[in-house]
Amino acid sequence: MFKYKGYAGNILQVDLTTAKIKIIPLEENLAEKYLGGNGFGSRLLWEKVPPTVDPLSPDNLFILATGPLGGTLIPNSGRVEAIARSPLTNIYGDSNAGGFLGPELKFAGYDMIVFQGRASQPVYLYIEDNLVEIRDASHLWGKDTIETEKALKAEMRDPDIKTACIGPAGENLVRYACIQVTPQRSLGRGGMGAVMGSKNLKAVVVRGTKGVAIAYPAEFYNLALELHRRLRANEIYPAVSKYGTPGIVSIMNMIGRFPTKNFQYGAYERADDINAETLHQKYFVKHLACYACPVACDKLFRVNEGTYQGLAGRSFEYEALNGFGANILNSDLAAILKANDMTDRLGLDNISASRAISFAMELWEKGLLTKKEVEGLDLSWGNMDTTFKLLEMITYRQGLGDLLAEGVKRAAARIGRGAEYYAMHVKGQEIAAQDGRAQQSMGLAHVTSNRGADHLKGFPTIDETGYPAEAERRYGKEYLPEMADPRSIKYKGFLVKDGEDFAAVVDSSGNCKSGGTFVLAEIYWEDMAKAIRYATGLDLDVPELKKIGERIYNLQRCYNILCGISRKDDTLPRRFLEEPSPSAAARGLVCRLEPMLEEYYYLRDWDAGTGYPTITKLKELGLEEAVERIGREKLIYSRQDIKTGQSE
């Protein structure tokens, strides 16, 4: 019997090469130091996947992990985490999704599945409580994600199974292939779908009938009820609940943070044609929600007329509206819905896929791609026929699509001729729909994210729109007005560092960042500590929980250091640093990265020269082993030694 409640207490270890399955007891120390989900995966990657391992080889691990709040009454507790060495970036990789798979895995009695090896033919893993089997998936290979889930439900004769499956993009090892999770939620970033494809793993199917035990039921119930009430009373709850993430299109356009033409601009003159109000008016059917979610930011949309009549889908986000809208200069909203549907079905991360297409369109505009290289395609801005064609070509690695399937960093390196300047990525991962010139903290968050360019690790929402209420509630009046000013760089190192540590805990707990923790900013350190303590019985207070977040984030950084990452990689494309934004409230601004980065390194207790954690910080976090693996001679002892060069 596992010591702590809230956990299932079991890990499934699946060797796809030998087709052997083991159930391993969860270690108490792992829960105490790394909490769950993101933390569990980070620790296993550190221990089991050295930097010599090719991400698409059998030696890479593929991990699905839940957290101690997953499957409970705490609002937004439906998340699941996928972790592996990323085939897109060659460093630490993870992705997070909502829906119902994470809770179902807990209900089946497992905190984590760890896949290793490679099956000799396509397979899927079937889990029904204590029954765990590797089954043939040859009949599913080649099917898209919607077809795959439908076929599995028919095969199981159970409409309530939950799945994680890949489409043809994952099968063909597109480096940013995603995984679709019941119901149509995406483990999108970092190429986790390609890792599944490299293992001949088509799907994971889960059916669970067990519950989640709680250490202090009365206290936990009362806290959960309070948090649900607070979320519904939050001043921005009505807008977030009504529109979901598409609701920020108009605001981001106004502040110049709505990437247009591959980040040439930060505002789109036809943004009103693709904003949330237009989307809602034309195509909205009903609200949908993930497990235990009072916000219901997911929606069902249907096109009832025109070229795409009959198209219906859910999980349509801000990123898709930008990526297949302003990003490629397209204002046809129904066509954006079509592109989003294609990426979901084919199993493509729509952020990376749309950035790859806008990259190609800008290269065509600048004359850096030849007619021979584009094979007769018209890469003019806004050409949706070409966009749809390229999505297919990327998925099946045909022609130009084969090159773009490698991601913009690799594609630019192969093209040469100055193409690197137009590749909008950090550490190999394409930048999502935020512009660090308009929101300085987001520029910093992109470069310090451990999985490459990313808005969801530091997730600095406090200064996104310039409203001070959230900043004052979390940090106090003394940080105003700069903390809430998106154009100011003051306190932004602090904001991003705090966000990263908190996000590591949120992703490890099984909770959601788009619900109460970041977007509504209602649930913070004290609430999280209480929720985890009441659920598990872990003796946690806020300082200890913060230490867990720091430990997870520093361990991921240490893993990346082993993979060759240093301060030189903590930078943005030159466009953000040298080209002043021409758009809206950001007009004339560049991202002033260096001062923020200096503050960030100082607060992290990292060496500003190398970007490596100090020996003192690693020892404080119980990561002494990292000192030896990185090499004691490469590290300084503490910040005081930066000028003197002294070591331990």
Participant: Verify, without hydrogens or angle tests, whether Y237 (side chain) and P294 (backbone) share a donor-acceptor contact under 3.5 angstrom.
Facilitator: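 Yes; at least one donor-acceptor contact below 3.5 Å.
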Participant: Mind running side chain to side chain donor-acceptor pair (under 3.5 Å) on Y124 and E155 for me, showing each step along the way?
Facilitator: CA-CA 12 Å; Y124 68 90; E155 188 174 320; 2.7 Å; yes
Participant: Is there a donor-acceptor contact under 3.5 Å from the side chain of T245 to the main chain of Y318?
Facilitator: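 Side chain of T245 to backbone of Y318, a donor-acceptor pair under 3.5 Å: yes, one is there.
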Participant: Output, in order, the C-alpha distance, side-chain angles, deciding distance and verdict of side chain to side chain donor-acceptor pair (under 3.5 Å) for E319 and N350.
Facilitator: CA-CA 8 Å; E319 291 292 343; N350 64 31; over 6 Å; no
Participant: Let me see the working for M156 and Y126 under side chain to side chain contact (heavy atoms under 4.5 Å, CB included), right down to the final yes or no.
Facilitator: CA-CA 10 Å; M156 303 301 114; Y126 179 74; 3.3 Å; yes
Participant: Locate the shortest heavy-atom distance separating T145 from C165; write the atom from each residue and the value.
Facilitator: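 Shortest heavy-atom contact: O-SG, 3.6 Å.
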Participant: Is any NZ, NE, NH1 or NH2 atom of the basic residue among E430 and R355 found under 4.0 Å from an Asp or Glu carboxylate oxygen of the other?
Facilitator: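 No.
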Participant: Could you pull out the closest heavy-atom pair between A224 and P75, with the gap in Å?
Facilitator: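 Scanning both residues, the minimum pair turns out to be O-CD, 4.1 Å.
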Participant: Could you report the tightest heavy-atom contact between G188 and S95, atom names first, then the distance?
Facilitator: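 Closest pair (atom of G188, atom of S95, distance): N-OG, 2.8 Å.
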Participant: Rounded to the nearest 0.5 Å, what's the gap from CG on N76 to SG on C290? Could you check?
Facilitator: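 Rounded to the nearest 0.5 Å, the CG-SG separation comes out at 8.5 Å.
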Participant: Using only atom types and a distance under 3.5 Å, with no angle test, would you say the side chain of D298 pairs donor to acceptor with the backbone of S315?
Facilitator: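 Checked: pair present.
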Participant: Tell me, yes or no, whether the heavy-atom count around K338 atom NZ, taken from other residues, nucleotides or ligands under 6.0 Å, exceeds 12.
Facilitator: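 No, NZ of K338 has 12 or fewer neighbouring heavy atoms, counting only those of other groups under 6.0 Å.
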Participant: L12 versus I23: any side-chain heavy-atom pair under 4.5 Å?
Facilitator: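 Side-chain contact under 4.5 Å: yes.
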Participant: Out of the candidates R43, R551, E27, only one should pair with Y34 under the side chain to side chain donor-acceptor pair (under 3.5 Å) rule; please name it.
Facilitator: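 With Y34 as partner, R43, R551, E27 yield a single side chain to side chain donor-acceptor pair (under 3.5 Å), made by R43.
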Participant: Is any side-chain heavy atom of W141 less than 4.5 Å from a side-chain heavy atom of N200?
Facilitator: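 With C-beta onward as the side chain, the pair touches.
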Participant: Search all heavy atoms of T395 against all heavy atoms of L348 and return the closest pair with its distance.
Facilitator: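 Shortest heavy-atom separation between T395 and L348 comes out as OG1-CD1, 3.4 Å.
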Participant: Using modelled atom types only, decide if a donor and an acceptor are shared between the side chain of Q429 and the backbone of G190 within a distance under 3.5 Å.
Facilitator: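 Checked: pair present.
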Participant: Taking the side chain as every heavy atom from C-beta outward, state whether F324 and T343 have any pair of such atoms under 4.5 Å apart.
Facilitator: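 Yes, their side chains come closer than 4.5 Å.
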Participant: Passes side chain to side chain donor-acceptor pair (under 3.5 Å), S57 versus D54? Steps please.
Facilitator: CA-CA 5 Å; S57 76; D54 183 328; 5.3 Å; no
Participant: Do any N or O atoms from the side chain of S508 and from the backbone of F40 form a donor-acceptor pair under 3.5 angstrom?
Facilitator: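 Answer holds: no.
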Participant: Report the distance from atom CD1 of I236 to atom OG1 of T461, rounding to the nearest 0.5 Å.
Facilitator: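 Going from the CD1 atom of I236 to the OG1 atom of T461 covers 8.0 Å.
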Participant: With side chain to side chain contact (heavy atoms under 4.5 Å, CB included) as the test, would you mind laying out the steps for T163 and L101 before giving the verdict?
Facilitator: CA-CA 6 Å; T163 70; L101 179 74; 5.9 Å; no
Participant: With a 4.5 Å cut-off on side-chain heavy atoms, are N130 and K210 touching?
Facilitator: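 Yes, at least one pair of side-chain atoms sits under 4.5 Å.
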Participant: Side-chain contact test, heavy atoms from C-beta onward, threshold under 4.5 Å: evaluate it for C178 versus L187 and give yes or no.
Facilitator: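 Result no, sub-4.5 Å side-chain heavy-atom pair not found.
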Participant: Report the C-alpha separation of L279 and K299 in whole Å, then their side-chain angles, then the decisive distance to 0.1 Å, and conclude whether the side chain to side chain contact (heavy atoms under 4.5 Å, CB included) test is met.
Facilitator: CA-CA 11 Å; L279 176 65; K299 316 294 170 196; over 6 Å; no
Participant: To check you understand the geometry: which heavy-atom pair defines the closest contact between F316 and A320, and what is its length?
Facilitator: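 Residues F316 and A320, closest heavy atoms: CE1-CB, 3.9 Å.
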Participant: So, applying side-chain contact (heavy atoms from CB on, under 4.5 Å) with Q556, which one of N560, I552, N554 is it?
Facilitator: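 Output: one option passes, namely I552.
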Participant: Quick one: does M196's side chain get under 4.5 Å of F115's, heavy atoms only?
Facilitator: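 Side-chain contact under 4.5 Å: no.
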Participant: Tell me whether the count of non-hydrogen atoms from other residues, nucleotides or ligands lying under 6.0 Å of CZ in R135 goes above 12.
Facilitator: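 Check passes, neighbour count above 12.
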Participant: Output the distance between atom CZ (R185) and atom CG (D344), rounded to the nearest 0.5 Å.
Facilitator: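 Here the interatomic distance stands at 9.5 Å.
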Participant: Measure the CZ-CG distance between R451 and N38 for me, rounded to the nearest 0.5 Å.
Facilitator: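 Reported value, rounded in 0.5 Å steps: 9.0 Å.
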Participant: Test K162 against every option in E149, E128, E104 by the salt bridge (charged side-chain N to carboxylate O under 4.0 Å, His left out) rule and name the one that passes.
Facilitator: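 Result for salt bridge (charged side-chain N to carboxylate O under 4.0 Å, His left out) with K162: E104.
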Participant: Could you check if a side-chain atom of P25 sits within less than 4.5 angstrom of a side-chain atom of F2, using non-hydrogen atoms only?
Facilitator: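 Answer no - side chains too far apart.
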Participant: Return the minimal non-hydrogen interatomic distance between A151 and L140, and the atom names on each side.
Facilitator: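 Here A151 and L140 meet closest at CB-CD2, 3.7 Å.
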Participant: Relative to each other, are the rings of F518 and F502 parallel, tilted or perpendicular (30° and 60° limits)?
Facilitator: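 It falls in the tilted class, 30° to 60°.
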Participant: Atom CG of L520 and atom CZ of R232: how far apart are they, to the nearest 0.5 Å?
Facilitator: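 Those atoms lie 11.5 Å apart.
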Participant: Test side chain to side chain donor-acceptor pair (under 3.5 Å) on N60 and R85 and set out the steps.
Facilitator: CA-CA 7 Å; N60 197 7; R85 188 175 185 194; over 6 Å; no
Participant: Under a 4.0 Å threshold between the charged nitrogen and the carboxylate oxygen, would D501 count as salt-bridged to K546?
Facilitator: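 No, this pair does not count.
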Participant: Can you confirm whether the side chains of S198 and R118 place a donor and an acceptor under 3.5 Å from each other?
Facilitator: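 No, no side-chain donor-acceptor pair sits under 3.5 Å.
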Participant: Assign the ring pair F284 / H287 to parallel, tilted or perpendicular, where the plane angle (0 to 90°) is split at 30° and 60°.
Facilitator: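 Answer is tilted, since the angle falls between 30° and 60°.
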Participant: Quick check for you: to the nearest 0.5 Å, what is the distance between Q116 atom CD and D59 atom CG?
Facilitator: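 Taking CD in Q116 and CG in D59, the distance rounds to 9.0 Å.
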Participant: Salt-bridge test for K20 and D15: reply yes if a basic N is under 4.0 Å from a carboxylate O, no otherwise.
Facilitator: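 Salt bridge flag = no for D15 with K20.
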Participant: Considering only NZ, NE, NH1 and NH2 on the basic side and carboxylate oxygens on the acidic side, decide whether R397 and E171 come within less than 4.0 Å.
Facilitator: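 Looking at R397 and E171, the cut-off is not met.
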Participant: Indicate yes or no: does K457 engage E500 in a salt bridge with an N to O separation below 4.0 Å.
Facilitator: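 A salt bridge is absent here (no side-chain N lies under 4.0 Å from a carboxylate O).
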Participant: Hey, does R79 have a side-chain heavy atom less than 4.5 Å from the side chain of D507?
Facilitator: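 Side-chain contact under 4.5 Å: no.
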Participant: Might you work through the side chain to side chain contact (heavy atoms under 4.5 Å, CB included) test for I548 and L540, ending with a clear yes or no?
Facilitator: CA-CA 10 Å; I548 290 173; L540 275 181; 3.8 Å; yes
Participant: Taking CZ in F388 as the centre, count heavy atoms belonging to other residues, nucleotides or ligands within less than 6.0 Å. Is the count above 12?
Facilitator: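 Yes, CZ of F388 has more than 12 neighbouring heavy atoms, counting only those of other groups under 6.0 Å.
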Participant: Taking atom CZ of R230 as the centre, report whether more than 12 heavy atoms of other residues, nucleotides or ligands fall under 6.0 Å from it.
Facilitator: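 Atom CZ in R230 is packed in, count exceeds 12.
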